[in-house]
Structures are given as structure tokens and as C-alpha cells.
Protein chains: 2
Amino acid sequence: MAGNTSGENSETMGIGEVARRTGLSVHALRFYEREGLLVETVRRGPDGRRRYGADDLEWLEVCIKLRSSGMPLRAIRRYAELVGEGPGNEDERLALLLRHRDDVAAQIGALTSCLDMISTKVEIYQASVTDHSSDPIWAR
Amino acid sequence: MAGNTSGENSETMGIGEVARRTGLSVHALRFYEREGLLVETVRRGPDGRRRYGADDLEWLEVCIKLRSSGMPLRAIRRYAELVGEGPGNEDERLALLLRHRDDVAAQIGALTSCLDMISTKVEIYQASVTDHSSDPIWAR
DNA sequence: CCTTGACCTAGAGCCGGCTCTAGCATCTAC
DNA sequence: GTAGATGCTAGAGCCGGCTCTAGGTCAAGG
């Protein structure tokens, strides 16, 4: 059996295992690394293959959350750079996070307003589906 | 003065005016029409130019809300088709809206969880920025 | 030995959703 | 009658974010 495919609690994982655990594709993992999202490039085994540790996994989960909340790769890269530079730039990290927090809050607000509209339409259509006489409602 | 650029309450508007009012670009407006998002193709003036009515504007606002909540153009097109077919397919419109409503709710859920993570980090960094002694915190 | 499977790099390709360009028509105001 | 604004079409281009391909390495197992 090649690699550590089924390694449940191995100290370091191959890229396939990380893909399984994070839900990212191996392609995406290599892509993220090329794009500089990973604080430091992943360590390699003596065979030149990537070996991920638990810390890498944790950081990837952070990246995934940032991405899934719409942070562009550029910004995540910047954050990773700041983290990689070590202590001393907490103010900049904070500023970046605050900006993104506002952004996410705004997204939630916008989505909530969309949800309202959709729910209103849903109610209208539910009425027109159960009660056929309300067909000619001017609903779109 | 060409067109009805400043028409505040004109019965029909040119594409530029609609762009101003919706925030979409004229390019995007023509693009949306080509893509079939507009229920029926926009009426034209005798000069061959698009004339938008208040109903078009309302529909565009719906499209904008659907788009901004992440509904793909394909789905909006489908919804527009259903609306364009007139009464009789309310069940299908409803199904489509319900699917999207679930989707939006899920998005809000995901974003809220991201917001939590970000807020946690914000707190950590706010502490480390005000209180310099907490620098060596293992924060990322 | 040879197959299988996990992994590697470099780089091309793709998809959604616009955005922009070229080249032209029309209208109004000066 | 010409400048400037507004509009038209067809189609090319762009950007972000992956995704996939080609061609190869390496280790274990049968």
C-alpha cells in the first residue's frame, strides 16, 4: 500500500489524505500552495512528496472558511504572508480581518433581504398552488 | 439632449437610464437580455432602441436579487421562461424558489459560521494589539 | 519484473459572468 | 453640417478559481 492512505491518526499525511479530510481536491491543494496561501510551503518527505501535519490541516480549514465566505485568494495570501512574518504585524492582520468581517456581515444582510423576497414569493405561489382560484394573481 | 436621460417619471426608459437606476451596466443589461433573463425581449422604439417600462425595471430588480443571492443565470432564465409561459406552472416556479430558498438559507448558515470564526480571531488580535504582552499567542 | 497507485511538475483548458471593442446609426443642439 | 451623446450588433477578451492533461518518479505487492 503506497503512502498512508488510511492513516487515521498519523502525524503527517500525504496530499490524498488531506484532500479526503478537507474536501479540497489534490489539484486545489497544490494550486493553493502555488498561490501562496499556505504560510510556508509544505514540508516534503525524502521522496519529494508533500507531508502535511495537523497544523497544515488546521490552517487549511481556516483558508476554506475564508474562501467560502468570499475572501479572494489575494487577501488570503496576504493574511498568510502576515502570519508567516511572525509577531509584530497583528494590527495589519486585525485590519484585514475586520474588513472581511464587515464584508461577511454585509453579505449576510444582503442574503437575508433576498431570503425575504424569496419567502414572499414562495407564500404567493404556495397560495396559488393550493388554491387554484388565485391563479390570475399578478405574480412573477 | 438625446434620449430621456434625466426622465424622472417617464413611462419608458432608455437603456442608459435603466443602467443608472439598477446599477447594472448597459453591457450587462444587453447581456442579460441575450441570456434570456427578461421574460420577453425588451420592446423597441421606432428607432430600434430598447424602451424599458416600469414592469421591466421591477423584473430586473428581481433578477438582481436572485443573482446577488447566487442563483446562476441558467436558473433565472428558467424562472423567466416559466413566468413567460403564463399561469399553469406555479408548482414548478414554487419548486425552483424553494430550492433557491434552501440554498440561500444554507449560505447564510455557512457565512454565519465563518463570521464566528472571524470574530474569534478578531478578539484574539484585538487583545494582542492592545496588550502587547500577549504577542507570543499562537494565533493565526 | 511488472503492474498498480499515489504522487510529482508545468502548463493548458474551462466555466460563469460579465466587460469591452469595433464599427456604425440616430438624434439634438449649436 | 458637425459635434456629442446615446444607442445598436456581433463577437472578442478578461478574471477568478479551479480542473485537467501529459509525461514522469517511486515504492510495494503478486
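When rounded to the nearest whole Å, the span between CZ of Arg30(A) and P of dA12(C) equals 17 Å. The interatomic distance linking Asp47(A) (CG) with dG5(C) (P) rounds to 19 Å, in whole Å. We find that CD of Glu33(A) is positioned 13 Å from C1' of dC7(C), with the value rounded to whole Å. Here dA5(D) presents its C1' atom at 15 Å from CZ of Arg20(B), a figure rounded to the nearest Å. Arg51(A) has its CZ atom 13 Å from the P atom of dA27(D), to the nearest Å. Rounded to an integer number of Å, the gap from Ile15(A) CD1 to dT25(D) P is 19 Å.
Shown here are the side-chain contact (heavy atoms from CB on, under 4.5 Å) partners of Ala75(A), two or more places apart in sequence or in another chain: Met71(A), Pro72(A).
Using a 4.5 Å heavy-atom cutoff, the side chains of Ile15(A) and Arg49(A) are not in contact.
Applying the salt bridge (Lys or Arg N to Asp or Glu O under 4.0 Å) test to residues at least two apart or on different chains, the pairs with a partner in residues 27-36 of chain B are Glu33(B)-Arg50(B), Glu35(B)-Arg77(B). Residue pairs meeting the ring pair (Phe, Tyr, Trp, His ring centres under 6.0 Å) criterion with at least one member in residues 41-99 of chain B, sequence neighbours excluded: Trp59(B)-Tyr79(B). Sorted by first then second residue, the side-chain hydrogen bond (donor to acceptor under 3.5 Å, both in side chains) pairs that include residues 91-100 of chain B, not counting sequence neighbours, are Tyr125(A)-Arg93(B), Ser69(B)-His100(B), Arg78(B)-Glu92(B), Asn89(B)-Arg93(B). Pairs of residues two or more places apart, or lying in two chains, never qualify as ring pair (Phe, Tyr, Trp, His ring centres under 6.0 Å) while including a residue from residues 26-46 of chain A.
Which of dT19(C), dC8(C), dT21(D) sits closest to the side chain of His27(A) comes down to dT21(D). Which of dC8(C), dT26(C), dT9(D) sits closest to the side chain of Arg50(A) comes down to dC8(C).
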Practice task
At under 4.0 Å between heavy atoms, which parts of nucleotides 13-18 of chain D does protein reach? Answer with one letter per nucleotide, 5' to 3': B base, S sugar-phosphate only, - none.
Solution key: ---SSB
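For Arg49(B) and dT6(D), a side-chain-to-base donor-acceptor distance below 3.5 Å is present, hydrogens and geometry of angles not being considered.
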